[in-house]
Protein chains: 2
Amino acid sequence: MNTVTALDGCVTRAPDTAKVAATRDRLVTPAEAGRLADLFKLLGDPTRARLLYALLEAGELCVCDLAATVEVSDTAVSHALRLLRTAGIVASRRDGRMIYYRLADSHVRLLLDLSLEHLRHE
Amino acid sequence: MNTVTALDGCVTRAPDTAKVAATRDRLVTPAEAGRLADLFKLLGDPTRARLLYALLEAGELCVCDLAATVEVSDTAVSHALRLLRTAGIVASRRDGRMIYYRLADSHVRLLLDLSLEHLRHE
DNA sequence: GGAATACCTGAGTAGTTGTTCAGAGATTGT
DNA sequence: ACAATCTCTGAACAACTACTCAGGTATTCC
């Protein structure tokens with residue numbers, strides 16, 4: 001039912017046509033869109049992206065190893081990890097003085113894989 | 001080969017251990033990470049996210065219908081669409097006065113679907 | 001207990017970003 | 001050609017963000 005219904009027209013700032021109404025019914029709610037945007041926003045930073053892909057490769061890394069891997073200060077890594085952990089994207093485990101981080105979710109792994117493939121495949 | 005090799009230690013700001021070196025070899029390059037972050041950053045805005053999900057539902061919409069659907073000004077929509085189009089995420093088609101936008105890539109569709117499922121499934 | 005190490009937190013700041021506003025192209029119908 | 005309509009563009013501004021810096025917490029080893 002998403003075949004184009006010819007032209008809907010657009011009568012000066014009030015195009016409440018059938019197509020718009022139908023789309024709005026199926027559309028993600030503003031709240032969902034906000035949460036989706038928040039998720040993407042977290043991935044949308046080079047440092048955090050590198051951290052996540054490092055975890056994707058290594059499986060599990062402590063903070064200072066992450067810092068060395070992506071070449072940023074440990075405080076910057078710590079700030080970044082806090083955001084990712086709060087959002088449930090990474091999980092942590094303490095072992096002695098060190099705290100090991102890993103990807104929390106298989107969905108996130110899929111997302112990272114899919115995005116990398118998208119990037120490399122065109 | 002990503003089984004954990006016990007603890008690597010972390011000798012004061014210079015933990016160039018084997019694990020770090022191995023991860024860095026496999027890691028996405030900084031350039032790739034930047035492009036990935038740019039991609040996610042584009043999805044990481046509520047307005048742009050809603051626009052993309054609207055296109056995912058409707059298939060194709062003109063600017064003013066998009067504006068009505070997501071309830072933002074047409075100029076804001078236009079600005080947003082320019083970014084998405086420049087990045088190759090959406091494509092456009094002119095028909096008379098109107099310009100119809102659609103998702104450019106099936107990878108993007110998968111990404112949007114996967115993310116929505118992630119959000120709703122936990 | 002005390003020093004050393006790994007990590008965290010809060011404040012401050014430079015850089016970035018999304019929106020509005022005003023105006024310019026581009027296309028259609030008369 | 002002219003008016004109307006749909007879309008685009010550039011500048012200005014408010015809001016947000018990611019980093020650095022200084023200091024704090026938690027754990028281990030002597």
Side-chain angles (χ1 to χ4, degrees), chain A residues 7-15 17 20 30 33-34 37-52 60-87 90-101, chain B residues 7-15 17 20 30 33-34 37-52 60-87 90-101:
Chain A
L7 15 128
D8 269 332
C10 192
V11 193
T12 316
R13 240 67 331 147
T17 61
V20 170
D38 286 340
L39 169 64
F40 288 128
K41 211 177 298 182
L42 283 172
L43 309 182
D45 172 71
T47 297
R48 287 194 295 267
R50 291 195 83 199
L51 288 174
L52 292 173
E60 196 181 46
L61 285 172
C62 67
V63 175
C64 64
D65 279 347
L66 278 168
T69 304
V70 309
E71 291 181 304
V72 282
S73 68
D74 14 352
T75 51
V77 171
S78 197
H79 277 297
L81 287 174
R82 185 163 63 91
L83 294 176
L84 294 171
R85 191 185 40 199
T86 303
V90 301
S92 61
R93 168 182 77 84
R94 168 154 237 150
D95 181 24
R97 277 188 278 243
M98 312 203 201
I99 297 183
Y100 287 91
Y101 282 86
Chain B
L7 13 130
D8 268 333
C10 193
V11 194
T12 315
R13 239 68 331 144
T17 61
V20 171
D38 285 340
L39 170 64
F40 288 127
K41 208 177 299 181
L42 283 172
L43 308 182
D45 171 73
T47 298
R48 287 193 296 267
R50 292 194 81 200
L51 288 174
L52 292 174
E60 196 182 47
L61 285 171
C62 66
V63 175
C64 64
D65 280 347
L66 277 168
T69 304
V70 308
E71 290 181 306
V72 282
S73 68
D74 13 352
T75 51
V77 172
S78 197
H79 278 297
L81 288 174
R82 186 162 62 93
L83 294 175
L84 294 171
R85 191 185 41 201
T86 302
V90 302
S92 61
R93 170 181 75 83
R94 170 154 236 150
D95 181 24
R97 278 187 276 243
M98 313 205 201
I99 297 183
Y100 288 90
Y101 283 84

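Predicted model, so just to flag it, every value in this text is computed and none were measured. Residue numbers begin at 1 in each chain, while the letters A, B, ... track the order of the sequences.
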- A/Arg82 side-chain N/O to A/Leu84 backbone N/O, donor-acceptor pair under 3.5 Å: no
- Once you round it to whole Å, what is the distance between C1' of C/dA22 and CG of B/Asp74? 14 Å
- Query: Quick one: B/Leu61 CG to D/dT7 C1', roughly how many Å, whole number?
  - Reply: 15 Å
Tabulated below should be each protein N or O lying under 3.5 Å from an N or O of nucleotides 24-30 of chain D; please produce it.
unit_1 : atom_1 : unit_2  : atom_2 : d
D/dT28 : O2     : A/Arg97 : NH1    : 3.4

- Message: Rounded to the nearest 0.5 Å, what separates atom OG1 in B/Thr86 from atom CG in B/Leu42?
- Response: 9.0 Å
- Message: Using heavy-atom distances to pick each residue's nearest nucleotide on DNA chain D, tell me which of B/Leu81 and A/Val77 is more 5'.
- Response: B/Leu81
- Item | Atom pair distance, as rounded to whole Å: CZ in B/Phe40 and C1' in D/dA18 | 18 Å
- Note on the structure: Counting primed atoms, P, OP1 and OP2 as sugar-phosphate and everything else as base, the B/S/- map of nucleotides 10-19 of chain C against protein heavy atoms under 4.0 Å is B------SSS
- Query: Could you give the OH-to-P distance, from B/Tyr100 to C/dT27, as a whole number of Å?
  - Reply: 15 Å
- Looking at B/Ala49 and B/Leu43, what are the two nearest heavy atoms and their distance? CB-O, 3.8 Å
- SG (B/Cys62) and CZ (B/Arg97) are apart, to the nearest 0.5 Å, by 12.0 Å
- Could you pull out the closest heavy-atom pair between A/Val63 and A/Asp74, with the gap in Å? CG1-O, 4.3 Å
- B/Arg48 (side chain) donor-acceptor with A/Ala37 (main chain) under 3.5 angstrom: no
- Considering all heavy atoms, the nearest B/Leu61-B/Thr69 contact: CD1-OG1, 4.4 Å
- Query: What is the distance from atom CG of A/Leu52 to atom OH of A/Tyr101, rounded to the nearest 0.5 Å?
  - Reply: 12.5 Å
- Task: Take the protein atom CD1 of B/Ile99 and the nucleotide atom C1' of C/dT28, then report the distance between them rounded to whole Å.
- Result: 14 Å
- Non-hydrogen atoms of A/Gly44 and B/Lys41 that approach each other most closely: O-CE, 3.0 Å
- Message: Keeping B/Arg85 on the side-chain end and B/Ala87 on the backbone end, is there a donor-acceptor pair under 3.5 Å?
- Response: no
- Should B/Tyr101 be listed as having a side-chain N or O under 4.0 Å from OP1 or OP2 of D/dC8? yes
- To the nearest Å, how far apart are B/Asp38 CG and D/dA18 P? 13 Å
- Task: Among A/Val72, A/Val90, A/Val70, find the residue that satisfies the side chain to side chain contact (heavy atoms under 4.5 Å, CB included) test when tested with A/Leu51.
- Result: A/Val70
- Nucleotide-level pairing of DNA chain D, given in dot-bracket where Watson-Crick and G-U pairs need both distances under 3.5 Å and | marks other strands: ||||||||||||||||||||||||||||||
